[in-house]
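Comments concern the structure below.
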Amino acid sequence: MEVKTKNFKNVLLHWYKYNKREYAWRNNSDPWSIYLLEVISQQTQLDRADKYFKKFIKEFPTPNDMATTSFKKVLKMWSGLGYNSRAKRMFESSKIIAEKSFDDLYPDFQQLPGVGPYTENAILSFAYNEQVITEDINVKRIISRYFGVENPKKYIDHFSSLLLKNTNSRNLNQAFMDFGSSICKPRSPLCSDCPLENTCEKYFNYETKPIEKFSGSNRELRGNLIKLLLKKGNLKVNTIQQELDADQDRLNEILKKMQKDGLVKLNTNNLVEIYPG
DNA sequence: GTCCCGTCAG
DNA sequence: CTGACGGGAC
């Protein structure tokens with residue numbers, strides 16, 4: 001298994017050298033830039049994330065620039081990315097970072113809202129050059145398939161030091177992502193183009209998340225509600241219901257949830273507003 | 001229809 | 001551990 005692991009890594013890195021996707025932030029090690037990019041790219045294709053990243057880093061070159069603007073402004077810029085709670089958590093995080101700085105928070109970045117195990121490791125690897133694996137869905141899928149293991153986490157825990165030995169973690173982590181996106185794809189992997197094909201276990205049992213229906217979902221309604229509030233300002237529930245042609249009960253339900261998520265608020269005049277304005 | 005560098009609450 | 005959580009491009 002050790003020999004196989006070493007070979008796997010070498011082939012993967014060699015493939016990456018000639019097939020990497022070029023993005024400006026890949027040569028960047030500023031923690032704030034890395035943080036922004038990582039939050040924006042959660043559950044989002046890189047080409048799209050890249051465009052938004054450029055916009056955000058230009059508008060908010062430092063955490064303080066975001067911390068001192070309005071949430072509404074951040075949400076407007078976020079429009080089109082989806083999962084608006086990410087924007088909210090990013091906004092809240094910017095205030096914490098503006099106060100304490102990444103170096104003060106190091107290495108426990110999970111104390112920032114919206115930062116979990118993946119993003120923490122991404123910051124550690126890309127901004128602090130730490131020897132950690134960014135264990136995202138691509139890494140898990142590739143490891144599972146190639147080594148024929150049901151539980152890739154266990155494998156990674158066991159072999160991460162071997163994978164990272166004499167290796168720049170940043171290159172390795174990014175190699176996983178590009179390889180997973182263009183060769184070892186979730187549904188239709190391009191095994192015939194794969195440089196690891198002859199030694200791969202081709203274990204395809206690792207589950208991929210089923211795609212949730214969007215049309216007609218609460219997610220769609222929530223998205224439309226945010227869009228409406230950004231455009232027209234604060235509105236009465238009745239008005240929203242008419243504008244969105246929404247079912248009363250369902251609208252109340254998502255309003256409740258969105259207040260809990262801290263995205264909207266019912267102000268004293270009983271108007272729904274983006275929160276914090 | 002399919003896809004996308006996760007996180008959080010319950 | 002499971003389900004909720006966007007939205008544009010192809």
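Numbered from 1 within each chain, the chains take letters A, B, ... in sequence-line order.
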Could you state the [atom1]-[atom2] distance from [X] to [N], rounded to the nearest angstrom?
X        : N     : atom1 : atom2 : result
A:Gln45  : B:dC5 : CD    : C1'   : 11 Å
A:Tyr35  : B:dG6 : OH    : C1'   : 13 Å
A:Tyr52  : C:dA9 : OH    : C1'   : 12 Å
A:Lys213 : C:dC5 : NZ    : P     : 15 Å
A:Asp178 : B:dC5 : CG    : P     : 9 Å
A:Leu37  : B:dG6 : CG    : C1'   : 14 Å
A:Ile211 : C:dG8 : CD1   : C1'   : 14 Å
A:Gln43  : B:dT7 : CD    : C1'   : 9 Å

request  = Return no unless some side-chain N or O of A:Gln42 is found under 4.0 Å from OP1 or OP2 of B:dC5.
outcome  = no
query = Phosphate oxygens OP1/OP2 of C:dC5: is one of them under 4.0 Å from a side-chain N or O of A:Arg86?
reply =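 False: A:Arg86 side-chain N/O out of range (4.0 Å or more) of C:dC5 OP1/OP2.
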Considering only [options], which nucleotide approaches the side chain of [X] most closely?
X        : options             : result
A:Arg26  : B:dC5, B:dG6, C:dC5 : B:dC5
A:Gln174 : B:dG6, B:dC5, C:dC5 : B:dC5
A:Met177 : B:dC5, B:dG6, C:dC5 : B:dC5

ask   = Does C:dG8 pair with anything, Watson-Crick or G-U wobble, both distances under 3.5 Å, and if so, with which nucleotide?
value =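 Pairing partner, where one exists within any strand: B:dC3.
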query = In this structure, which one of A:Lys232, A:Lys231, A:Lys236 forms a salt bridge (Lys or Arg N to Asp or Glu O under 4.0 Å) with A:Glu243?
reply = A:Lys232
ask   = Is the closest basic N to carboxylate O distance between A:Asp178 and A:Lys20 below 4.0 Å?
value = no
Selection: residues 255-263 of chain A, any non-hydrogen atom under 4.0 Å of DNA chain C =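 Of all residues in residues 255-263 of chain A, the ones placing a heavy atom under 4.0 Å from DNA chain C are A:Lys257.
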task = Output the residues of residues 88-123 of chain A in contact with DNA chain C, where contact means a heavy atom of the residue under 4.0 Å from an atom of the strand; sort by number or write none.
result =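 Result for residues 88-123 of chain A: none.
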ask   = Could a donor-acceptor pair under 3.5 angstrom be found where the side chain of A:Lys209 meets the base of B:dG6?
value = yes
message = Would you measure the distance from the P atom in B:dC5 across to the matching atom in C:dC10 and give it in whole Å?
response =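 After rounding to an integer number of Å, I get 15 Å for this pair.
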task = Measure from NZ or CZ of A:Lys88 to the centre of the six-membered ring of A:Phe71 and say whether it is under 6.0 Å with the direction within 45° of the ring axis.
result =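 Geometry flag: set, cation within 6.0 Å and 45°.
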Select base, sugar-phosphate, or nothing to describe what [X] touches, counting heavy atoms under 4.0 Å on all strands.
X        : answer
A:Asn218 : sugar-phosphate
A:Leu81  : base
A:Thr44  : base
A:Trp78  : nothing

Nearest-0.5 Å distance that lies between atom CG in A:Asn64 and atom OG in A:Ser101 =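 Going from CG on A:Asn64 over to OG on A:Ser101, the span is 12.5 Å.
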request  = Please go through A:Phe214's hydrophobic cluster and name the other residues, only I, L, V, M, F, W, Y counting, with side-chain heavy atoms under 4.5 Å joining them.
outcome  =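 None, because no other hydrophobic side chain comes under 4.5 Å of this residue.
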task = Please check if the distance between the ring centroids of A:Tyr16 and A:Phe179 is under 6.0 Å.
result = no
query = With ring centroids as reference points, do A:Tyr128 and A:Phe102 lie under 6.0 angstrom apart?
reply = no
query = So if you build clusters from Ile, Leu, Val, Met, Phe, Trp, Tyr with side-chain heavy-atom gaps below 4.5 Å, do A:Ile226 and A:Tyr83 land together?
reply = no
query = Using a distance-only test with no angle check, is there a side-chain donor-acceptor pair under 3.5 angstrom linking A:Thr119 and A:Gln42?
reply = yes
ask   = Where do A:Lys55 and A:Glu59 land on the salt bridge (charged side-chain N to carboxylate O under 4.0 Å, His left out) test, with the steps shown first?
value = CA-CA 6 Å; A:Lys55 217 165 60 166; A:Glu59 187 72 30; over 6 Å; no
